[in-house]
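So the structure is just underneath, and the comments pick up after that.
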Amino acid sequence: MRQWGDRRLTQLEQYLWNYLIILVDQSLCQEWAQVRANRQSARRPISPQDAWIAATALLVCQIHFDG
């Protein structure tokens, strides 16, 4: 992206406005660990990738519904 021109960067920015960008922060990492631990203790392990999806969905719902 370093060598992209202004026009191409603007196109990318406009394209990304259609998506919700979720940054990985401490609360998301904690939620991910909780999902993994809960599934492990229930003897129904979850893959790390699926745990990221689950943790992200849980946090987005909390933000959306709890404000």
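Given the structure is predicted, the values throughout are model-derived calculations rather than measurements.
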> Just by modelled atom types, is the L28 backbone N or O under 3.5 Å from a matching donor or acceptor in the W52 side chain?
Replying inline: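 Flag not set: sc W52 to bb L28 has no pair under 3.5 Å.
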
> Are any side-chain N or O atoms of R39 and backbone N or O atoms of R44, one a donor and one an acceptor, separated by less than 3.5 Å?
Replying inline: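 Checked: pair present.
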
Euclidean distance, [Y] [atom2] relative to [X] [atom1], rounded to 0.5 Å:
X: T10; Y: W4; atom1: OG1; atom2: CH2; value: 11.0 Å
X: Q11; Y: L9; atom1: CD; atom2: CG; value: 9.5 Å
X: S41; Y: R36; atom1: OG; atom2: CZ; value: 12.5 Å
X: E31; Y: L58; atom1: CD; atom2: CG; value: 5.0 Å

> At their closest point, which heavy atom of A51 faces which heavy atom of I46, and how far apart are they?
Replying inline: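 That would be N-CD1, 3.8 Å.
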
> If you look at every heavy atom in V35 and A54, which pair is closest and at what distance?
Replying inline: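 Heavy atoms only, the tightest pair is CG1-CB, 4.1 Å.
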
>> Would you say CG of D25 has more than 12 non-hydrogen atoms from neighbouring residues, nucleotides or ligands within 6.0 angstrom?
In response: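 Yes, the 6.0 Å shell around CG holds more than 12 heavy atoms from other groups.
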
> In terms of hydrophobic clustering (I, L, V, M, F, W, Y; side-chain heavy atoms under 4.5 Å; direct or indirect links), are V60 and F65 co-clustered?
Replying inline: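 In one cluster: no.
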
> When clusters are formed by joining ILVMFWY residues with side-chain heavy atoms under 4.5 Å apart, either directly or through shared neighbours, do L59 and I53 land in the same one?
Replying inline: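 The answer is no; the residues belong to distinct hydrophobic clusters.
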
